[in-house]
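A short worksheet on the structure shown next.
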Amino acid sequence: MSSPPSFTFSSPTSSATRRRRKSAFTSHVDLDAFYAQCEMVRLSVPPDQPLAVQQWQGLIAINYPARKFGLNRHVTITEAKKLCPELICQHVATWREGDAKWAYHEDSFKEMATHKVSLDPYRLESRRILALIKEVLPAAPVQRVEKASIDEVFLDLSAQVYQTLLERYPVLKGPAPYDDPTEHLPRPPTTALDWAADALVDLDKEETEEDEPDWDDVAMLIGSEIVRNVRTAIFEKLKYTCSAGISRNKMLAKLGSAHKKPNSQTVIRNRAVQQFLSGFKFTKIRNLGGKLGDEVVAAFKTDTVQELLEVPIERLKKQLGDDTGSWLYSVVRGEDTSEVNPRTQIKSMLSAKSFRPSINSFEVGVRWLRIFVADIFSRLVEEGVLENKRRPKTVNLHHRQGAQTRSKQAPISMGKAVDEDMLFDLAKNLLAQAVADGRAWPCANLSLSVGGFEDGITGNKGISGFLVRGDEAKAMLSVPGESSDGGRTETPPLNKRRKVDDGRIGKFFATRHESTGGSEREHELDDEFYQLNETAAVEEEQDAFVPPPSAQRSPPSFDPAESSKAQKPPDTDQTTPANREDVPVILHPRVIDSYFCDRCQQSLPVASTGEHEDWHFAKDLQAHDRNTSAESVAARPLQPAPRSSMPHNKGRGRGRPPGQTVRAEKGQKRLAFG
Ligand code: TTP
């Protein structure tokens, strides 16, 4: 996708530097007390009724009427009720074993040992809101919306602002006077702008409101109108209030949305950026809230933007490294070049449960897997898996024993429809492998994820629909009732394989795709951690939303962007026997009754294909493990790179300094409970 148009205003009232700066208009829209509002809308609670969302014994969201009583996420339920006797405490929905769907259960707060939290109700509302936002805005490519988490979006308003500006002020359409692009534009034909109910941040010291507005101001006003319309539509159609920030980039817009809550929008004009930022602690700025922020505080003995502005760039670079130093220098001056990224496809889905006390048996683990699978499958259905629109390629099991988190992965057969039983079998098999390793119990956290989503083939497939390779070919050849991927056997999974390889094969499964959590992953995992940010940007440049399938949640300091790069599980294609180059292309495979394995140049009966492939599979894994073991050690995430080795990765965007660990963002981080 191409970048949004950026344009340069020449303003009669601005300095030459300002005239030449490219203008962009970004908004950050953040739902107020989101989970609490979801419950209020669902239960038709009047707007002034205090309400909090409860998860087991903790409060995870508190509405604004309740906040007036001094309630926050840290108070206990008893304290909260004392402070605000009329408080409604609504427990989140939960999955109960054996149920086909989550539900709001009476007294679920007592059932922590047997229920699992479901955030589905909030995710569904989040989707409705996102769909409405997209409906209200002009179609793409003018529209650029990035879902940043379950309750926040970024909007790049530049193209729409630009269009509106030209419609309202046709004079701007003409060529620059004398064909000189540095020539001043005519003044905006207005002396005062009506900012309606916006919270306007005060101007920088050297600017005054008496100055006539420049084109940047006019354009910002248009941006603000657009955002007001979006917010009005959300309220009128769906009954949710939200707050927004409008400014020239994502960083400033995000600070703006939090500036005045609830139900307000804050505009940070270009002429007000320094004034706005100087009042902040830099630790409030995105990506400076975690370790990096702490380091900067320690290095420069201050946490204020104001004082950091006085530090020369050379000193910042010397202490923090060239890239981080330069990045920080720009950030405290309000610069952020990260783009709004409109890709919104899901990358992975995860369902998890922490156990207190730990669990100790395969049977109990399997019962939880059944719930995880139901949970994930329901989301896969929403994602269009039944219509084969999109489907995951891998399933991953993560389990924590003491301080160690380990993962196992299996490919999902591409030749078969994804269904609950298939996922459950794969999950059980992975757990059985963990048990076979002898390191599963006691298990303090178990989670299942699916990942590697790809678009499925739908409709008329043409000739390519008959040419199947790799996994598909394997699956089509396998005996009915069995899947043909590496995770196909039911418990106990290893016996059958041992037959094939004189007992040696078990050891391949024991080491299969295992990754071990480092110390940063030893934090308490949340009871449930969903993929709340359903964007494809996850791996490349997202702020901090979704640990990749192989990464465990590690609040408060966790950088999934880093982690997803470092810990990405080996690509399925590299490790399965269905390696694209290794499996023959089969034309109409169902009419042939023998199978030629071109890896070992043998003809085999179709019925033995699965086992034969498994044998190759195990061999491949062994080879893969040998090749990647060095890599995986090096790639273990969450250790900030030495400053000198931090490359400045502009492509990653979002202004995140390279190699830094940032806090997980809201909506993903879950409160510790119990
Ligand atoms: P936030 O946007 O941080 O908070 P909020 O929407 O409740 O309130 P605000 O108006 O101040 O933005 O988080 C969004 C949702 O994510 C929140 O409603 C509940 C959930 N959440 C947790 O479950 N645990 C947490 O620790 C946090 C911070 C949020």
Side-chain angles (χ1 to χ4, degrees), residues 28-42 45 47 50-68 70-75 80 87-94 109 116-127 129-130 147-154 199 231 234-235 240-245 253-266 284 286 289-290 350 352 354 523-534 543-546 553-558 662-674:
H28 179 255
V29 180
D30 186 33
L31 273 294
D32 300 319
F34 183 51
Y35 292 6
Q37 278 206 83
C38 290
E39 295 301 344
M40 292 172 78
V41 169
R42 183 178 71 86
V45 168
L51 179 145
V53 177
Q54 181 179 350
Q55 179 181 305
W56 313 131
Q57 294 304 322
L59 297 178
I60 57 171
I62 291 133
N63 75 358
Y64 281 83
R67 291 186 200 189
K68 289 191 186 141
L71 304 195
N72 59 49
R73 289 191 179 99
H74 304 290
V75 301
L87 180 73
I88 296 176
C89 284
Q90 174 59 50
H91 199 278
V92 295
T94 53
F109 66 95
K116 183 184 149 10
V117 166
S118 170
L119 298 183
D120 269 25
Y122 311 135
R123 201 173 44 253
L124 294 173
E125 288 304 281
S126 172
R127 285 189 179 190
I129 295 166
L130 183 65
K147 182 172 180 180
S149 80
I150 195 165
D151 75 333
E152 51 181 338
V153 293
F154 284 104
R231 291 178 49 237
I234 296 173
F235 184 69
Y240 286 90
T241 67
C242 51
S243 301
K254 183 159 167 106
L255 287 173
S257 68
H259 188 62
K260 200 158 174 273
K261 271 194 153 244
N263 201 17
S264 302
Q265 62 185 53
T266 298
K284 296 279 174 217
R286 209 156 56 124
L350 183 143
S354 290
H523 294 277
E524 177 58 46
L525 290 177
D526 302 321
D527 172 51
E528 180 189 70
F529 162 59
Y530 278 101
Q531 171 163 353
L532 297 176
N533 169 38
E534 297 166 353
D543 292 313
F545 307 105
V546 187
R553 189 79 176 148
S554 57
S557 292
F558 175 72
V662 296
R663 282 194 207 288
E665 292 221 0
K666 66 187 176 181
Q668 305 216 303
K669 179 170 62 182
R670 311 295 315 285
L671 293 175
F673 59 88

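Numbering of ligands and ligand atoms starts at 1, following listing order.
- At least one N or O atom of A33 sits closer than 3.5 Å to an N or O atom of ligand 1.
- The main-chain N or O of L124 is never found under 3.5 Å from a side-chain atom of S126 such that the two would form a donor-acceptor pair.
- Under the side chain to side chain contact (heavy atoms under 4.5 Å, CB included) criterion, S243 pairs with D32, K261, not counting sequence neighbours.
- Each of the following atoms of ligand 1 lies closer than 4.0 Å to a heavy atom of D30: 12 (O).
- Interface of D32 with ligand 1, defined as ligand atoms under 4.0 Å from a residue heavy atom, comprises 10 (O).
- With sequence neighbours left out, F34 forms a ring pair (Phe, Tyr, Trp, His ring centres under 6.0 Å) with no residue at all.
- A donor-acceptor distance shorter than 3.5 angstrom exists from the side chain of R67 to the backbone of I62, with no hydrogens or angles considered.
- Near K261, meaning under 4.0 Å from one of its heavy atoms, ligand 1 places the atoms 9 (P), 10 (O), 12 (O).
- Counting only non-hydrogen atoms, the option in F34, Y122, Y64 that gets closest to atom 11 (O) of ligand 1 is Y64.
- Between atom 8 (O) of ligand 1 and the options E152, R73, R67, the minimum heavy-atom separation is to R67.
- Atom numbering of ligand 1 starts at 1 in the shown order; those under 4.0 Å from a heavy atom of D151 are 2 (O), 6 (O), 14 (C).
- Between E152 and K254 there is a salt bridge, since a side-chain N of the basic residue sits under 4.0 Å from a carboxylate O of the acidic one.
- The closest donor-acceptor contact from the side chain of H91 to the backbone of V53 lies at 3.5 Å or more, if one exists at all.
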